[in-house]
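So the structure is just underneath, and the comments pick up after that.
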Amino acid sequence: MEHRLYEAIHHLVKDVDEQLQGNLAEFDFLGKNVNTRNAFANWAAQMSSANTIGLAWNLTSKNRLSPEQDVAVDEWVYSTCGYCASGCGLYIGVKNGQAVAIKGNRDYSVNSGSVSCIKGLYQWKSLHHPDRLTQPLVRKNGALKPVSWEEALELITAKIKTTLTKLGPEGMGFYGSGQLLLEESYGLAKLAKGVIGTPNIDSNLRLCTVSGVHANLQSFGSDGPPGCFNDLDEAQCIFIFGCNPAEMHPAVWQRLLRNRRNNGAKLIVADPRRILPAEIADIHLQLRSGTNLALLNGLLHILVVENWIDQQFIDNHTAGFNSLKETIQDATPQATAAITGIPEDLINNTARLLGQSEKFVTVFVQGVFQSHMGAESALAINNLHLVTGNIGRPGASPFSLTGQCASMSHREVGGSSTLPGYRSHGNEEHRGEVSSYWGISTGIIPDKTNDIFHMLQQIEEGRLQVLWNIATNPAVSLPNLAYVRRQLAKVFLIVQDIYPNETLSYADVVLPAAQWGEKTGTYTNAERRVNLGRKAVNPPGEAKPDLEIFCMVAEKLGAGQLFSWKNAQEAFQEWQGLSKDRPNDMTGITYDRLEQELGIQWPCGEKKLAGTDRLYVDGHFSFEDGKARLISYKYLETAAKTSEEFPFLLNTGRLAEHYHTRVKTKRIPELHQMSNRGFVEINFHDAEKLAVKEGELVKVISPFGEIQVEAKISESVLTGHVFIPFHFGDDINTNATAVNHLTDINLNQFSRQPVLKTSICRVEKTKN
Ligand SMILES: Nc1nc2c(c(=O)[nH]1)N[C@H]1C(S)=C(S)[C@@H](COP(=O)(O)OP(=O)(O)OC[C@H]3O[C@@H](n4cnc5c(=O)[nH]c(N)nc54)[C@H](O)[C@@H]3O)O[C@H]1N2
Ligand SMILES: Nc1nc2c(c(=O)[nH]1)N[C@H]1C(S)=C(S)[C@@H](COP(=O)(O)OP(=O)(O)OC[C@H]3O[C@@H](n4cnc5c(=O)[nH]c(N)nc54)[C@H](O)[C@@H]3O)O[C@H]1N2
Ligand code: SF4
Ligand SMILES: [Mo]
């Protein structure tokens, strides 16, 4: 298999070697074996004492840009990265009205001047691509045809009106995204909940962080990660639990490494794969996929038995310790080892390291939320921190890294299952507050919301007939694609996007949107830092900012007076009123302050004008009695049981060079050439048994579907496990490659987030 990534690395290594005058003994190791992604990981791990993947690239690439090396541009426009929730501060270089470069913002605390990764560095190339959607499209006689905005809007509003008359507000649904600006998610919430009044509103956060939100609410009484990135600099021990920041949050990884280098912070990694961080970790807990809760309860068991807990903190600031002790009673090291497959001594050593660290941080994302018992495991991570008193202090925090650039914003302004300001649909007082602020009659805002899986079911039953899909590509990213695509084909589908994606093939109307760099607005990152991104260039053709599109539709529906903002800033100002005295108070923020102060962490209101780096510093949590809750569950066996027919556990996830379904990154040559087609990582023992060779096309079959991808023989996955990145959609000219053909709609009992990391499958040769 020709994966250009490795070729690129060879060049990179050569470049770095030249720059550092050959003084790089570690590259000898690479000289021997750099033809696998794993070797790349090894290399990057070696490099990482000084650099991250992206930084190294940045250092050597021909497109290198640092603040000192400005290319000739007319203007550098202040912005924030539009990909991951690290939220790197950067500038977009503009020449003759076109974006031509990116450089890091040297003063920015998150990334201190570097563009932390290759995606960020080449982001400007997604702006002026010939594939961009530039005109509204309407399906006529089976084909999408360009039309005027007027015609598209007329069609949409007529369709909405007849549907509402026929079926009521439940006849229509919205599916949004953590890639919309805060102001856009707010506008969307107001349109769906305050104008249409439908309970059918959800977003791709259902696939992403809803289990984390559930855990925050249950443990602390409020959403919002308690810690901040500075904690990564100060922790004595860092527990990377089910995430791969080296590839997914490179800015975070950079800071972890700095701490390790400068202060010798210990590193523990819990991941069924030997990912890059595992290569340099003090302990790698290579657990069986889906057994997080067993491991966490096992660790809690040892901490309690060994008395490595903070009894004073437990007594003063938590409730539920006795019930926690009961839950973990049987989770002995022996039992934990048997379930997780991790040797007992590693489990004991981990507990000792955590228990004896004065301060530790756990970073966690999809290896927890998308795994078996995701919400329960996130609660257990919170418990780990609460019983050891590792919260609300510098260097001590459970830290769930959000994924998309504005996922947090979407949560804050009530973009899907909550109301603005972390209010609740089920709470009559909250509905009343929002209704009166919006000046609408009570009774319009629904008292509950339905998630995307409810909506798909309603489409199947004919009860939901119009679905408006914004900034997400469900025809690739949702599980059980055969079922999902049937429903997308059935419903009247409005797709609002910047590029033609797989979902667009099911659209009845397409609305072309402006993207990052083409509009001004805010993104809240993973540490509650509200960041500003300014418009650098005009959107192509007739594409419009998403907020403007919502305003135009509202106007046509006769609700224009509720959407009279002239720009995003005015929408932000309106939202600020709803944030007053709420946990995520933003009343002290202005766009100018955001730029001058390089982002501000909420809450930022009258009492805390400077913003807030850490929550719960006084040990007072958001429940009435001020106490955090220790909520615990016993580990139950995963429903995804392997069998003779489906002997492999299927794990899915991401790569450094691509973003989700690659709608943007496949159009950036530097990223596309690094990996351009789907593959399955399989352990070499299993490959040998199946007589599968490196690069061979294989079938991967699950109870739900079948795909064909190339085999990549790897030491990083365990035997009995395979890993497939979910980036690759289906090319109509080839066989299906999207991994979500294989996954199931297997939802967490509390958060209804699907398990995307633990499915079952078999691997077959395509020819003998
Ligand atoms: N390059 C890049 N960066 C991104 C994104 C991207 O698409 N590309 N997307 C952004 C978004 S939206 C998100 S949500 C984040 C996601 O960020 P991450 O969660 O870091 O990414 P994933 O690759 O989905 O999963 C992380 C790890 O979970 C492990 N895992 C699987 N099953 C288990 C299990 O049962 N237990 C444990 N402990 N680990 C398990 C996988 O092996 C994988 O290494 O990344 C963000 N950053
Ligand atoms: N098997 C498996 N499936 C997964 C995951 C996994 O780990 N494994 N991860 C899940 C997670 S965590 C996530 S977050 C989802 C992500 O999955 P998706 O939400 O499908 O993510 P993208 O591919 O980024 O799609 C975003 C779309 O928005 C468009 N877009 C970008 N910017 C804008 C804008 O400003 N306005 C508009 N209107 N459109 C815009 C892009 O062109 C693209 O079509 O995938 C989930 N699915
Ligand atoms: S680390 Fe995340 S925020 Fe920073 S440049 Fe890379 S994708 Fe953008
Ligand atoms: Mo995500």
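Indexing begins at 1, ligand by ligand and atom by atom, following the structure's order. Remember, predicted model here, so these are calculated numbers, not experimental data.
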### Query
Within 45 degrees of the axis of the six-membered ring of Y83 and under 6.0 Å from its centre: does K664 put its NZ or CZ there?
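Judged by the rule, K664 and Y83 form a cation-pi pair.
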### Stacked cation flag R273 on F723, 6.0 angstrom / 45 deg
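Yes, R273 lies over the aromatic ring of F723.
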Number the atoms of ligand 2 from 1 as they appear, then name those within less than 4.0 Å of a heavy atom of [X], with their elements.
X: N740; answer: 1 (N), 2 (C), 3 (N)
X: K757; answer: 7 (O)
X: K519; answer: 34 (C), 35 (O), 36 (N)
X: N501; answer: 44 (O)

With respect to [atom], which of [options] exhibits the smallest heavy-atom separation?
atom: atom 6 (C) of ligand 1; options: E657, H721, R654; answer: R654
atom: atom 38 (N) of ligand 1; options: N292, T209, V717, L207; answer: N292
atom: atom 33 (C) of ligand 1; options: S177, C208, G367; answer: G367

Could you verify whether a donor N or O on one side chain and an acceptor N or O on the other, from [X] and [Y], lie under 3.5 Å apart?
X: E657; Y: T665; answer: no
X: S751; Y: S211; answer: yes
X: E502; Y: T661; answer: no
X: H214; Y: N748; answer: no
X: S177; Y: H410; answer: no
X: S409; Y: S185; answer: no

Going by the angle between their ring planes, with limits at 30° and 60°, are [X] and [Y] parallel, tilted or perpendicular?
X: F679; Y: F728; answer: tilted
X: H660; Y: F726; answer: tilted
X: H658; Y: H727; answer: tilted

May I ask you to identify, for [X], whether its side chain, its backbone, both or neither come under 4.0 Å of ligand 2 on a heavy-atom basis?
X: D546; answer: side chain
X: V663; answer: side chain
X: A513; answer: side chain
X: D497; answer: both
X: A514; answer: backbone
X: L478; answer: neither

For [atom], find the nearest protein heavy atom and state the residue, atom name and distance (0.1 Å precision).
atom: atom 47 (N) of ligand 2; result: S477 O, 2.9 Å
atom: atom 32 (N) of ligand 2; result: I498 CD1, 3.9 Å
atom: atom 23 (O) of ligand 2; result: T661 OG1, 2.5 Å
atom: atom 14 (S) of ligand 2; result: Q404 NE2, 3.6 Å
atom: atom 22 (P) of ligand 2; result: H660 CB, 3.5 Å
atom: atom 10 (C) of ligand 2; result: Q370 NE2, 3.3 Å

Could an N or O of ligand 2 be found under 3.5 Å from any N or O of [X], whether backbone or side chain?
X: R662; value: no
X: I470; value: no
X: E184; value: no
X: Q515; value: no
X: N204; value: yes

### Message
Against ligand 1, does H727 come closer than 4.0 Å with any heavy atom?
### Response
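The answer is yes: ligand 1 sits under 4.0 Å from a heavy atom of H727.
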### Message
Quick check on L655 - does any of its heavy atoms sit under 4.0 Å from an atom of ligand 1?
### Response
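In this structure, L655 qualifies as a contact of ligand 1 - some heavy atom is under 4.0 Å.
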### Query
So, E715 and R274, do they make that salt bridge, N to O below 4.0 Å?
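Looking at R274 together with E715, the answer is yes, because their closest N to O distance falls below 4.0 Å.
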### Message
Whether D202 and R752 form a salt bridge (side-chain N of Lys/Arg under 4.0 Å from carboxylate O of Asp/Glu) is what I want to check.
### Response
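Salt bridge: no.
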With heavy atoms of [X] as the reference, note each atom of ligand 3 found under 4.0 Å away.
X: K119; answer: 7 (S)
X: Y83; answer: 7 (S)
X: A251; answer: 1 (S)
X: C88; answer: 1 (S), 3 (S), 4 (Fe), 5 (S)
X: G87; answer: 3 (S)
X: G120; answer: 5 (S)

#### Entry: atom 2 (Fe) of ligand 3 to nearest N/O/S of C81 below 2.8 Å
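No, outside the cut-off.
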#### Entry: Rounded distance [0.5 Å steps], CG in L232 versus CZ in R255
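One gets 6.5 Å once the value is rounded to the nearest 0.5 Å.
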### Query
Rounded to the nearest 0.5 Å, how far does NE2 of H249 lie from SG of C84?
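Separation between the atoms: 5.0 Å.
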### Query
For K519, what residues pass the salt bridge (Lys or Arg N to Asp or Glu O under 4.0 Å) criterion, not counting sequence neighbours?
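Testing K519 for salt bridge (Lys or Arg N to Asp or Glu O under 4.0 Å), a comparison that skips the adjacent residues, returns E184, D546.
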### Query
Okay, side chain of Y108, backbone of G87: is any donor-acceptor separation there less than 3.5 Å?
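No, because the side chain of Y108 does not come within donor-acceptor range (under 3.5 Å) of the backbone of G87.
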### Message
Suppose I only count heavy atoms of A656 and a 4.0 Å limit; which atoms of ligand 1 are within that range?
### Response
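Under 4.0 Å from A656, ligand 1 has these atoms: 1 (N).
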